[in-house]
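First the structure, in the form of C-alpha cells, and then the observations on it.
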Amino acid sequence: MLWICKLLRISPPMFLRGFVSGTAVSTVVYAVLYASINRKAIDTASVQSNFEDINKLEQGQEILKYGFPDRGPELMYYTNHVLAYDRAKRTPVWVAEHLTAETLKGYASRKNEKFLPDPRIPEMFSAQNSDYQGSGWSRGHMSPAGNHKISKEAMKDSFFLSNIVPQNYENNAGFWNRLEMYCRDLTKNFQSVRIISGPLVMPYEEEGKKFIKYQIIGNSEVAVPTHLYKIIVAERKSQPVALGVFIIPNEPLDFSHHLTKYQITLPQLESRTGINFVPKLDLSKTVNLCDVHSCQLIEKGKFELYFIGRKLESANTLSRLEHVWKELEEKKLKPDKDLIDLYEKRHKEILMEEKRK
DNA sequence: CGGGGATCTACC
DNA sequence: GGTAGATCCCCG
C-alpha cells in the first residue's frame with residue numbers, strides 16, 4: 001500500500017479516506033491495490049489494463065495537484081448512531097441506528113440536553129440553533145432522543161444538529177413521533193431492528209415540467225426537506241428479514257392517514273437519493289414488513305393518553321396537575337387504573353412539597 | 001413521546 | 001446594556 005501512497009503523494013490515512021470516498025479515483029486506486037496484493041495471480045490482459053490505470057492515476061495526480069476536492073468524512077460515528085452529513089444542506093444525508101429491547105432501556109432524559117452545533121463539523125458547514133429559531137420549523141431528530149435513553153453520552157450525541165432537520169411541528173409531535181414509537185415497539189417482536197432515516201426533497205410538476213424546490217432557513221441556509229424517509233430492517237429468528245421503506249410528507253398528518261399509504265420500495269428510494277442503503281441485504285430474501293407486522297401506528301386515544309401521563313409526571317403545581325387532568329374530559333378519554341394512580345401519586349407528592357415550603 | 005417560549009440571574 | 005445559562009412554564 002505504501003508505494004501507492006507514495007505515487008499519490010498522500011499519507012496512508014489520507015489514502016484510506018480516499019479509498020472509501022466512492023469516487024472514480026478510488027475505484028482506480030482499488031484496482032491498483034488489488035493488483036499489488038494479487039500480483040502473481042493476475043493475467044497479462046489485466047496487467048496491461050492496470051498499467052493504463054496507473055497512467056490515468058499519474059495524470060489525475062497532476063490534475064489534482066492542489067488536492068482532492070473534499071466533501072468531508074463519509075461516515076460520522078456517535079455513541080449510538082452513525083450518519084452521513086450534507087455540508088451544503090447543513091443536515092444529515094442519512095442517520096442509521098440499531099434498536100433492540102436492550103438498547104432501548106435506560107433513564108437518560110432529553111430534559112437535560114440542549115440542541116448544539118456539532119463540534120466535529122466545521123462552522124462554515126454547520127447549522128446553528130439561531131437558524132431554526134423563528135424559522136417556523138422545529139428541530140426534528142432523525143435518530144430520536146427516545147432511542148438514546150441508554151446513556152447520557154448517547155442522549156447528548158443525538159442533540160447535535162448533525163442529527164437534526166427542519167421539521168413541521170405537528171408532524172414531528174404527531175405522525176413522525178408515532179412512527180418512531182412504532183419502530184421502538186417492533187423490538188417486542190423482533191430481536192433486531194435497524195433503521196435509517198433522513199430528509200428528502202421530492203420533485204413537483206408545473207406546466208408539464210418537473211422541478212425541485214426547497215426552502216432554506218437562517219443565516220446558514222439550512223435546507224428544509226419536503227419529505228422524510230425511514231427504512232426499517234427487522235430480524236427475528238428463523239424468519240426472512242422484514243423490510244419496510246416509507247416516505248413521509250413534512251407536513252401535518254392527522255390520524256386519518258395510515259402508514260401503509262406512504263410505503264414505497266427500497267429501489268425507488270435508492271434511485272431518488274442515489275444511495276444504496278443496505279448493499280449487503282439480498283432483497284429477494286426479504287419480506288414486506290407490513291405483511292408480517294401491523295404497520296399500524298398508535299391510535300388517537302392511546303396516543304393522547306400516553307402523553308397526558310407524561311405531562312402528569314412533569315406537573316409541578318396542583319393547578320397544572322388539574323389542568324392536565326381536565327384534558328381527559330375535553331378529549332373524552334377514559335383514564336385506566338395506572339393513569340388514575342399516577343394522578344393520585346403526583347397529587348400527594350405536590351402537596352408534600354408545598355407543605356415543606 | 002415530540003417540541004416550544006418567557007423570565008430571571010450572573011456576568012462582563 | 002446585552003448575552004448565556006438555568007428554571008419554570010407551556011403546547012400537540
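Each chain gets a letter, A, B and so on, in the order its sequence line appears, and its residues count up from 1.
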Nearest whole angstrom, please: distance from the [atom2] of [N] to the [atom1] of [X].
X: A:Phe175; N: C:dG12; atom1: CZ; atom2: C1'; value: 16 Å
X: A:Glu299; N: C:dG12; atom1: CD; atom2: P; value: 20 Å
X: A:Ile164; N: B:dG2; atom1: CD1; atom2: P; value: 11 Å
X: A:Lys311; N: C:dG12; atom1: NZ; atom2: P; value: 7 Å
X: A:Arg178; N: B:dG3; atom1: CZ; atom2: P; value: 16 Å
X: A:Arg310; N: B:dG4; atom1: CZ; atom2: P; value: 19 Å
X: A:Asn163; N: B:dG3; atom1: CG; atom2: C1'; value: 15 Å
X: A:Ile308; N: C:dC11; atom1: CD1; atom2: C1'; value: 12 Å

ask   = Which residue lies toward the 5' end of DNA chain B, A:Lys149 or A:Trp137, if each is placed at its nearest nucleotide?
value =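 It is A:Lys149 whose nearest nucleotide is closer to the 5' end.
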ask   = More 5' along DNA chain B: A:Tyr132 or A:Ser109, using each one's nearest nucleotide?
value =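 The answer here is A:Ser109.
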ask   = Which part of the nucleic acid does A:Glu180 contact within heavy-atom distance under 4.0 Å: base, sugar-phosphate only, or nothing?
value = sugar-phosphate
query = Which part of the nucleic acid, if any, lies within reach of A:Gly146 when heavy atoms closer than 4.0 Å are counted: base, sugar-phosphate only, or nothing?
reply =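 Counting heavy atoms under 4.0 Å across all strands, the contact made by A:Gly146 is with sugar-phosphate only.
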For the side chain of [X], starting at C-beta, report the closest nucleotide among [options].
X: A:Arg184; options: B:dG2, C:dG12, C:dC9; answer: B:dG2
X: A:Phe115; options: C:dC9, C:dC10, B:dG3; answer: B:dG3
X: A:Ala173; options: C:dG12, B:dG3, C:dC11; answer: C:dG12
X: A:Met181; options: C:dC11, B:dC1, B:dG3; answer: B:dC1
X: A:His323; options: C:dC11, C:dC9, B:dG4; answer: C:dC11

ask   = Starting at the 5' end of DNA chain C, which residue's closest nucleotide do you reach first, A:Lys114 or A:Asn316?
value =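 Looking at DNA chain C, the more 5' nearest nucleotide goes with A:Lys114.
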inquiry  = With the six-membered base ring of B:dG2 as reference, does the ring of A:Phe307 sit under 5.5 Å away with planes under 30° apart?
reply    = no
Between [X] and [N], is there a contact of a side-chain N or O with OP1 or OP2 at under 4.0 Å?
X: A:Arg110; N: B:dG3; answer: yes
X: A:Asn172; N: C:dG12; answer: no
X: A:Arg139; N: B:dG3; answer: no
X: A:Arg320; N: C:dC10; answer: yes

ask   = Just wondering, more than 12 heavy atoms not from A:Lys302 lying within 6.0 Å of its NZ?
value =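 12 or below, so no.
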Whether over 12 other heavy atoms sit under 6.0 Å from A:His98 NE2 =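 Enclosed.
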task = Quick one: sort the A:Phe307 and A:Phe303 rings into parallel, tilted or perpendicular, breaks at 30° and 60°.
result =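 Plane angle over 60°, so perpendicular.
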query = Parallel, tilted or perpendicular: which describes the rings of A:His293 and A:Tyr182, with under 30° parallel and over 60° perpendicular?
reply = perpendicular
request  = Verify the ring-centre separation between A:Tyr262 and A:Phe246: is it less than 6.0 angstrom?
outcome  = no
ask   = Does A:Lys331 get its side chain close enough to the base of C:dG12, under 3.5 Å, for a donor-acceptor pair?
value =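 Flag unset: no donor-acceptor pair detected.
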query = For the base of B:dG3, is there a side-chain donor-acceptor partner from A:Lys111 under 3.5 Å away?
reply = yes
key: Check ion pair A:Lys337-A:Asp341 (N to O, under 4.0 angstrom)   =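 A salt bridge is present here (some side-chain N lies under 4.0 Å from a carboxylate O).
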